[in-house]
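Chain identifiers are assigned alphabetically (A, B, ...) following the order of the sequence lines, protein sequences preceding nucleic acid strands; residue numbering begins at 1 within each chain.
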Number of protein chains: 2
Amino acid sequence: MRGNLFAVAVDLVVLTVRDAELCALLVRRDAPPFAGRWGLPGGFVLPNEDLLETATRRLGEETGLEFGGHHLEQLASYAAPDRDPRGRVLTVGHIAIVPRPPEPIAGADAAGTAWHPIAKLVDGAAADALLAFDHGRILADGVERAQSKLEYTTLAASFCPPEFTVTQLRRVYEAVWRRTLDPRNFQRKVTSTPGFLEPTDTRVTGVRGRPAQLYRRGPATALHPPMLRGEN
Amino acid sequence: MRGNLFAVAVDLVVLTVRDAELCALLVRRDAPPFAGRWGLPGGFVLPNEDLLETATRRLGEETGLEFGGHHLEQLASYAAPDRDPRGRVLTVGHIAIVPRPPEPIAGADAAGTAWHPIAKLVDGAAADALLAFDHGRILADGVERAQSKLEYTTLAASFCPPEFTVTQLRRVYEAVWRRTLDPRNFQRKVTSTPGFLEPTDTRVTGVRGRPAQLYRRGPATALHPPMLRGEN
DNA sequence: GCAAAAGTGTTCTCGGTACACCCATGG
DNA sequence: CCATGGGTGTACCGAGAACACTTTTGC
């Protein structure tokens, strides 16, 4: 059974929406291999950890947001023999969704940590030149997963603070799908799905226009029927 | 970087449809741990293999169907610290779909290899008592993946031989979803989806009733709009 | 009052469901 | 001719798309 052993790591595609753009958290590498390039946050799995425990721990360490409650799920594993020049390393990609965090990432243990709009990382051919290892592919897979999960789950609420308006929720869909949605049909769709949104007794104040109802996320996780992206 | 190393294995959820039932390929273990129980086929990743290569190789060795062309995709990774009493083993689950194979599994390298209806493995509490390691969970995840992929892809055709009738295809959906479908609406749905089915110039002969058109699978992989399972 | 944003009502259309009905073969 | 399964036509209904219109605030 012995003979071919692997180091096992966890990599995180941490997504948020800032200024109507889907962004991923990247860390600048200051040691070889790929020194100077950007990479996904991650780390090795410790002897008594399960994969999700490693991912949870690293997410707290990288974002400074210690408390749990963020959406975190496994994405896929990557183990090409030559993906790491130091030796045989298998990495288990994960996807994490966080509400828009405070600008300087407080408490993060890595200095060179920053949010990057994914548009420039996934569309352009610049991705592979900019990112270390196969992180460009992992990132692309994570974005695709997030896009498709918005269709048939209530995952979008994970991008929002505890209380939010329908418009904030719509901005999440628009940023992740990179398209616009009809505000009126969107409103009906999400408010008429049982368990998606629970109204609070407060409304947004201080903005121009009619004040919007504030909602909390409800208990539902699935969306029946799904909200399809369409062909754009 | 060294210090916590893993053995890395691949496990296969090999699915087929036999006698209107979804079945999985299981191997009887004759060595500890879990000697005497059934387990998923699988094996360790060799030094220069990527995960899909290991899975492809093991699928050929277990089913005796050497030629490729079967649907094979990664499912998820499992790495609980105590999942294997021999030490730290991470396994990458895969799902494989094969047409109904000849009854005795010719060329398979394991003698105790047999098809088991998944109904008894997933529904009953017998699953964890019958299966080795965490293979009950991997199997359940694989079945769930297959069920949901029938909704929005043309994966069902992978369960069929190269040429098949609409009824054969419907039997696949009915076996995997464990429900019945209206034959007439199903017919229209699949024949009107561009690229799903390509008619051949032959028809089925020798059966009672009107002879059915034979189809080959077309180039389409996605199903727009999806065919939803409904709530049953 | 006017601009802006929230939220409702209405119409059209498309796809799913249910089911009546016709077609083509074996016995 | 009749049973059996293949395949088409059609009516109904629910949901999405498009958009007119009302509501409620800031300025």
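Between Gln213(B) atom CD and dA24(C) atom C1' there is a gap of 14 Å when expressed in whole angstrom units. What separates CZ of Arg170(A) from C1' of dA6(C) is a distance of 10 Å, to the nearest Å. The CD atom of Gln187(A) sits 16 Å away from the C1' atom of dC19(D) (whole-angstrom rounding). Here dT17(C) presents its P atom at 11 Å from CZ of Arg188(B), a figure rounded to the nearest Å. The CG atom of Asp182(A) sits 14 Å away from the C1' atom of dA15(D) (whole-angstrom rounding). Rounded to whole Å, the distance from CG on Asn185(B) to P on dG6(D) is 15 Å. Summarising the geometry, the separation between OH on Tyr215(B) and C1' on dG7(D) is reported as 9 Å, rounded to the nearest angstrom.
Across all non-hydrogen atoms, the minimal contact from Tyr173(B) to Thr153(B) is OH-O, 4.0 Å. Heavy atoms only, all atoms of each residue included: Thr202(B) and Glu163(B) are closest at OG1-OE1, 4.0 Å. Shown here for Ala212(B) and Thr165(B), the closest heavy-atom pair between the two residues is CB-CG2, 3.8 Å. Heavy atoms only, all atoms of each residue included: Val14(A) and Pro41(A) are closest at CG2-CG, 4.2 Å.
Of the N and O atoms on the side chains of Asp11(B) and His135(B), at least one donor lies less than 3.5 Å from an acceptor on the other residue.
Picking from dG7(C), dA15(D), dG7(D) the nucleotide with the shortest atom distance to the side chain of Ala212(A) gives dG7(C).
For the pair Thr191(B) and dG7(D), the criterion of a side-chain N or O lying under 4.0 Å from OP1 or OP2 is not met. Taking side-chain N and O atoms only, Lys189(A) has a distance below 4.0 Å to OP1 or OP2 of dG16(D). Put simply, Arg208(B) has a side-chain N or O that comes within less than 4.0 Å of OP1 or OP2 on dG5(D). In terms of phosphate contacts, Thr167(B) brings no side-chain nitrogen or oxygen within less than 4.0 Å of OP1 or OP2 of dG5(D).
Nucleotides of DNA chain D nearest to Val166(B) and Arg203(A) differ in position, and the one nearer the 5' end is that of Val166(B).
With sequence neighbours excluded, the residues forming a side-chain contact (heavy atoms from CB on, under 4.5 Å) with Pro117(A) are Glu21(A), Cys23(A), Lys120(A), listed by chain and number.
Comparing the start and finish of the helix from dG1(C)-dC27(D) to dG27(C)-dC1(D), five pairs each, the helix axis swings through 10°, to the nearest 10 degrees.
For the pair Val92(B)/Leu90(B), a side-chain contact is recorded, criterion being any heavy-atom separation below 4.5 Å from C-beta on.
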